[in-house]
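Residue numbers begin at 1 in each chain, while the letters A, B, ... track the order of the sequences. All heavy atoms count here, side chains included; hydrogens, waters and symmetry mates do not.
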Amino acid sequence: MSLRFHNQRTKQVDEFTPQAEGQVSLYTCGPTVYDYPHVGNWSGYVYWDILIRVLQANNLNVTRVMNITDVGHLVSDADDGEDKLEKGARREGKTAWEIAAFYTDDFMKGIERLGLIMPTHITKATDYIEQQLDLVRILKEKGFTYEIDDGIYFDTAKFPSYDDFADLNLEAQKAGARVEFNPEKRNHSDFALWKFTPEGETRDMEWETPADLINDNETRQGFPGWHLECSAMAMSLLGNTLDLHTGGIDHVPVHHTNEIAQSEAASGVQFSNYWLHNNHLKVNGTKISKSLGNGITLDDIEAKGYDVLDFRLFVLQSHYRTEGNFTYENLDAAKNRRLNWRSVAALRHQTHDTLRDDNEKSTDEKSVSLYAASQALVETLSNDLDTPEAFKIIDDAFSRILGASVDDIHQHAFTGFIETIDELLGLQLIKTTPDIDDDIKRLIVERERARDNKDWSQADTLRSEIEKSGITVRDTANGSIWEYVA
RNA sequence: GGCGCGUUGGCGGAGCAGUUACGCAGCGGUCUGCAAAACCGCGUAGAUGGGUGCAACUCCCAUACGUGCCUCCA
């Protein structure tokens with residue numbers, strides 16, 4: 001079995017080989033906790049959840065770090081020392097610390113709602129201030145930094161391969177730039193490692209800048225630049241070279257480019273061997289943005305009567321490197337597909353282990369080797385997380401299940417297949433398809449008896465009775481089958 | 001102004017130079033006590049114009065439209 005991923009570092013699909021056999025170190029850029037995440041944010045985390053599951057299915061032990069950005073993420077063009085957290089605090093009349101705590105908590109709940117596997121470490125930027133300052137110190141000692149009025153900056157001109165990762169054309173960008181940049185900066189692409197709190201201001205979140213990092217000896221309060229945290233946390237927990245680093249496609253030209261520059265300038269070795277990026281989700285054909293107010297949240301989805309698992313399935317229908325488009329019409333299609341899959345999964349309660357095993361059944365035209373389908377799922381997903389193709393495999397297998405007589409389905413193998421789907425895709429088909437209770441089973445048997453006696457009115461009465469429990473019955477040549485009422 | 005990407009049937013969404021993607025929705029039929037399911041079939045997809053191939057949705061060029069980045073962004 002082999003794993004392949006599209007690697008932004010090499011711009012091609014590469015065979016994946018971890019540094020240490022059987023072990024994978026992985027860093028995922030997490031949220032900035034200043035507001036509720038929207039469907040676009042979540043789609044990325046859903047895809048990286050599949051990545052974890054696929055790595056584990058390949059018998060790899062994953063150590064994963066995800067950060068919580070709770071400081072230092074500057075808003076747009078305002079170069080006035082304000083960051084997203086401080087702004088959010090003003091908006092809601094709270095402190096930046098309270099804002100961070102509230103939305104961090106909300107994010108953690110979202111992880112559970114979507115059934116995402118919890119990272120090994122979830123780290124807050126504010127818990128790693130020391131490590132970030134250490135990194136600044138190393139970069140300063142190596143001559144990569146310079147100080148200007150509002151902070152300590154990284155001199156990108158001293159890192160010659162700066163534009164390789166994103167294939168940037170810095171000269172062209174500079175020539176065509178529409179936004180004024182800080183004239184004190186030496187290069188347009190230079191970025192702040194550490195920002196100083198402006199004179200006369202006090203921030204909710206600020207720390208004393210160590211004297212050895214400042215040119216003159218006066219004490220200055222400050223806070224970390226946004227890019228610094230990821231490098232500091234990744235390297236302190238996972239080492240100087242990671243196996244995998246993931247994030248949104250928007251991070252390629254700035255955030256990840258800067259992470260690479262500052263990390264490799266400090267350590268002298270490659271920061272990450274593989275870089276994976278998820279494409280964005282649009283809403284109704286346009287980019288999701290605060291100003292447009294189209295940032296649909298998990299709560300919005302549920303308020304419209306959908307399950308968050310419908311959204312999860314919707315996301316996985318398209319490949320992670322393809323741009324998606326969220327509309328409620330499309331969510332409807334995903335919901336219907338999930339309900340259909342659920343009906344199939346519920347069939348396992350109505351099958352039995354028979355004398356014939358799964359392999360024997362696979363030789364039967366009408367049957368299907370579910371063991372082979374499980375294998376195919378793992379292999380398909382190992383090929384750059386090909387979820388659309390995985391869905392096809394599931395649909396193929398399910399349609400053969402539906403076409404087969406219940407007596408021809410091997411319960412153990414069938415349940416195993418559903419479990420494999422859940423392990424790989426997290427759709428919770430087992431959990432969402434509980435068996436029916438004995439009272440309903442009795443009614444079903446009673447109804448079958450009525451049918452045998454051709455007592456149709458009694459049979460219909462019993463079916464109505466059964467439907468009060470959210471279960472409906474359909475009749476096949478081999479007996480009655482129950483399903484959940486949609 | 002600079003740099004890039006996309007355009008597949010009603011909707012979503014894949015692979016592939018020559019065979020049905022798949023799903024959701026729709027229509028017709030078979031089956032059936034009813035209902036449903038299942039199965040079969042249908043709608044002659046590939047933005048437009050050229051080019052290279054025996055052969056192009058699938059490669060190349062151009063045009064149109066859409067969209068992203070260059071400023072924070074998953």
Earlier contact from the 5' end, RNA chain B, for R447(A) and K392(A):
K392(A)
Can you work out whether E323(A) or H38(A) has the more 5'-proximal nearest nucleotide on RNA chain B?
E323(A)
Give the rounded distance in Å between these two atoms: CG of L402(A) and P of rA38(B).
6 Å
Rounded to the Å, how far apart are I288(A) CD1 and rG68(B) C1'?
13 Å
Parallel, tilted or perpendicular: ring planes of [X] versus [Y], cut at 30 and 60 degrees:
X: F314(A); Y: F326(A); value: perpendicular
X: W42(A); Y: F107(A); value: parallel
X: H245(A); Y: W275(A); value: parallel
X: F398(A); Y: W341(A); value: perpendicular

Provide the Watson-Crick or G-U wobble partner of [N], both distances under 3.5 Å; none if there is no partner.
N: rG28(B); value: rC40(B)
N: rG66(B); value: rC5(B)
N: rC72(B); value: none
N: rU19(B); value: none
N: rG46(B); value: none
N: rU52(B); value: none
N: rG33(B); value: none

Tell me whether H280(A) and rG68(B) count as stacked here, given that the ring centres must be under 5.5 Å apart and the planes must differ by less than 30 degrees.
no
Side chain of D460(A), base of rG33(B): donor and acceptor closer than 3.5 Å?
yes
Among D435(A), T415(A), T433(A), whose side-chain hydrogen bond (donor to acceptor under 3.5 Å, both in side chains) with R348(A) holds?
T433(A)
Within the 4.0 Å heavy-atom criterion, would you say [X] contacts the bases, only the backbone, or no part of the nucleic acid?
X: L281(A); result: base
X: G248(A); result: sugar-phosphate
X: I394(A); result: nothing
X: T322(A); result: sugar-phosphate
X: V473(A); result: base
X: G40(A); result: base

Regarding rG50(B), purine or pyrimidine glycosidic angle vs 90° from 0 gives anti
If you restrict it to nitrogen or oxygen atoms, what contacts under 3.5 Å exist between nucleotides 4-12 of chain B and the protein, and what is each distance?
residue	atom	partner	partner atom	Å
rC11(B)	O2'	N330(A)	OD1	2.8

Output for pair (D460(A) CG, R447(A) CZ), nearest 0.5 Å, gives 7.0 Å
Please determine, for the side chain of [X], which listed nucleotide ([options]) has the closest atom?
X: P253(A); options: rC69(B), rG33(B), rG13(B); answer: rC69(B)
X: N336(A); options: rA25(B), rC39(B), rA14(B); answer: rA25(B)
X: D475(A); options: rA74(B), rA35(B), rC22(B); answer: rA35(B)
X: K287(A); options: rA14(B), rG33(B), rC69(B); answer: rC69(B)

Compare every heavy atom of L385(A) with every heavy atom of W48(A), then report the nearest pair and how far apart it is.
CZ3-CD1, 4.3 Å
Please name the pair of heavy atoms, one in A346(A) and one in Y484(A), separated by the smallest distance, quoted to 0.1 Å.
CB-CE1, 3.5 Å
Looking at rC24(B), I'd like to know if its phosphate oxygens (OP1 or OP2) sit under 4.0 Å from a side-chain N or O belonging to N340(A).
yes
Under a 4.0 Å threshold between the charged nitrogen and the carboxylate oxygen, would D310(A) count as salt-bridged to R338(A)?
yes
